[in-house]
There are 2 protein chains.
Amino acid sequence: MSPRGQAARAAAQPVQQPVRRPTVQDVAREAGVSPSTVSRALHTRGYASPAVRARVQAAAERIGYVTDHNARNLRSRTSTSIGVLISDLRNPFYADLAAGIEEELRAAEYQMVLVNDNGDPAEEMQAAETLLAMRVPGVIVTPVTAKCPQVLQDNGVHVVCADREFGRATSDLVLSDNKAGARELTEHLIALGHTRIGMLIDETKWSTGAGRLAGFRAAHVDNALEIDEDLIAYTSFDADAARQTTRRLLNDHEVTAIISANNVLAQGALAELKDRRLKIPRQISLAAYDDVPWMSLVQPALTTVDQSTVEMGRSCARLLLARIRGELPPRRRLVKVPARLIVRGSTGPAPR
Amino acid sequence: MSPRGQAARAAAQPVQQPVRRPTVQDVAREAGVSPSTVSRALHTRGYASPAVRARVQAAAERIGYVTDHNARNLRSRTSTSIGVLISDLRNPFYADLAAGIEEELRAAEYQMVLVNDNGDPAEEMQAAETLLAMRVPGVIVTPVTAKCPQVLQDNGVHVVCADREFGRATSDLVLSDNKAGARELTEHLIALGHTRIGMLIDETKWSTGAGRLAGFRAAHVDNALEIDEDLIAYTSFDADAARQTTRRLLNDHEVTAIISANNVLAQGALAELKDRRLKIPRQISLAAYDDVPWMSLVQPALTTVDQSTVEMGRSCARLLLARIRGELPPRRRLVKVPARLIVRGSTGPAPR
DNA sequence: CTGTTAGCGCATTCAA
DNA sequence: TTGAATGCGCTAACAG
């Protein structure tokens, strides 16, 4: 790679890369003890006399010693890096999730290795392999396929699936109570007299979409309202698609309210309603699952379901760390994060 | 470590932690070559015959070998983990920046270790130490203090400062062209006839705020407009504070337009204007530096300066990687990312 | 082009 | 309680 000609040149020039960092050896010399004593004094608890420990710590501080995680990880077969695998950091849902995770990990002196998989199975597997290579003890993932958590678990990595689930997964789970949240939201509209409510939804393969749709249905059943299946408007993942779908929904059917299954789709729906100059909520009500900041900035502010995304992230991290520390019984744990209805100005009585 | 007794138990019980992962030794045995040949065949280029290389790769694939980054990093004194140190992942500016960085790093097969420092100097230093422990070859940071990049560099870590600069920093830099952007935005308002423009700003210690304020001033000077210093409204970092400051600004002074120095402050300003039921832009114009998605969702959509945040992130990563690979001359490099004015509905002719 | 040897920095035996 | 010895998994020297 770099034969000595190159190394020599590097040494001659003002290159700062090969700064020799102090090792336990250096600290040992400085403190007048053995390397193993340094190791114990610095990390393990109870195997060094207070005096020695203080002396070692002082010496370490003095010469600017910083543990080498690579060496520590290699030797002790543990790592404090946690993989976090999400679909799109630019979506505030994932950003909030990651923020919650990071907060909790940092408090426990763990690090977050964040990877975007763009919702692509291939990139997701790629990322999983990278995390295997890093020998992370655990991964938090919003899975795209069941294969990814599976492969990780097969290799002894603890996995927490966040936000969504696949039928046969065996990993720990942290989910929003999608069904309850969507049901509450739908009932709020029904209580306002709406009987023809459009449901804008992108997928129902995952528990996320499936749960929200189930809640939508349940609210209808509970209120003895028949569902016009045509009002369930399946769309794609992006806001533009949602806008087209909303357009079609409005053209082809009479609805007095629309529920968007997530924050991205809501953008498209809102754009279409505004474009048509429909008065919200006088002419049509709009509500969304997954509250994000812009929803309270628009006029009227949107009625939403807040799924406490940051807290969801914290839960993921807490659960994973507990699992890593062996504090949990073997069987998988499911954490349901409550969803909370927030009524704002975008929903009102049904017209006529 | 895990003698066969334990391994046997592991196989019997549903414990997945002590999974013995294959090593180069195992691959070597499988392929009938030596460990070092495996290493060369798998990673280095040119030092293995095609036949052997193929055989080794097949063997590795077969037994599910995945390189141990810790061991590789320890031995070769290189790492593909990059530290990214930001203030608040929930702020879309930082999320976009991180997304751009991650995208570019991932393409180059590097990993992103993301740490939130909450804008707190102590947490920032804590994070720096963690990254030193991880032996990352480089860090991208939106610095809170000059000390953090300094310490990292002193330890041989390459640093790219993103978004802001401190006077004496010696690290590479990627900045928005704050002055030009703010000037253009201000001139846009002046061209619309505004002469009393409020400037809502949180800090001017960093190049960010300083540059934007300088652009604001420059636009006035260019147009022979005197600045009423009272219209420069200094506020704190959060939206609530910005709202209070906007309230005071409106109470105490007559302004026909307000410029917010960033996306967070804009929330506060907008909230106050709406609360007062001021018609935008008929009664007052509002514009903001740092375009984020909600600004095109509100009505009227906000006139903004887009600082291409994702691209800024990509630039940071590209610059850092080039530096790490030694492709750059020793002297620090400054990358200015152009800022682009986006005129939307929130700015209009000055009243009267 | 390939194998042998050695050691990165550390934590963990074990013996003292 | 401490020190000496060992090796985690890998890759860089060197020799062949």
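We name chains A, B, ... by the order of the sequence lines, and we start the count at 1 in each one.
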Please list all pairs passing the salt bridge (charged side-chain N to carboxylate O under 4.0 Å, His left out) test where one or both residues lie in [range], with sequence neighbours left out.
range                       : value
residues 110-120 of chain A : none
residues 27-37 of chain A   : A/D26-A/R29, A/E30-A/R62
residues 134-156 of chain B : A/D68-B/R135

Quiz item: Do other residues, nucleotides or ligands put more than 12 heavy atoms under 6.0 Å from A/R331 CZ?
Solution: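 Incorrect, the count does not exceed 12.
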Quiz item: With the threshold set at 4.0 Å, does a side-chain nitrogen-carboxylate oxygen contact exist between B/R332 and B/E165?
Solution: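 Salt bridge present between B/R332 and B/E165.
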Quiz prompt | Angle of first-five versus last-five pair axes in the helix from C/dC1-D/dG16 to C/dA16-D/dT1, to 10 degrees | solution =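 Roughly 30° between the end axes, to the nearest 10°.
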Quiz item: Base, backbone or nothing for each nucleotide of nucleotides 5-10 of chain C, written B, S, -, heavy atoms under 4.0 angstrom, 5' to 3'?
Solution: -BBBBB
Which residues share a side-chain hydrogen bond (donor to acceptor under 3.5 Å, both in side chains) with [X], sequence neighbours left out:
X      : value
A/R40  : A/T37
A/R314 : A/E103, A/E311
A/R106 : A/E102, B/E123

Can you sort out the partners of [X] under side-chain contact (heavy atoms from CB on, under 4.5 Å), two or more places apart, ordered by chain and number?
X      : value
A/A107 : none
B/N73  : A/N70, B/H69, B/S79
B/A54  : none

Nearest-Å distance for atom pair [atom1]/[atom2], residues [X] and [N]:
X     : N      : atom1 : atom2 : answer
B/N73 : D/dT11 : CG    : P     : 10 Å
B/R40 : D/dA15 : CZ    : C1'   : 12 Å
B/Y47 : C/dT4  : OH    : P     : 19 Å

Practice problem: Have a look at A/V38 and say if it touches a base, only the backbone sugar-phosphate, or nothing, with a 4.0 Å heavy-atom cut-off. | Solution: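 Nothing: the residue A/V38, judged by heavy atoms under 4.0 Å, touches no strand.
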Self-check item: Nucleic acid contacts of residues 48-60 of chain A, taken as heavy-atom distances under 4.0 Å to DNA chain C
Solution: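 Contacting residues: none.
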Quiz item: Between A/S34 and D/dT2, is there a side-chain N or O to OP1/OP2 distance below 4.0 Å?
Solution: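 No, outside the criterion.
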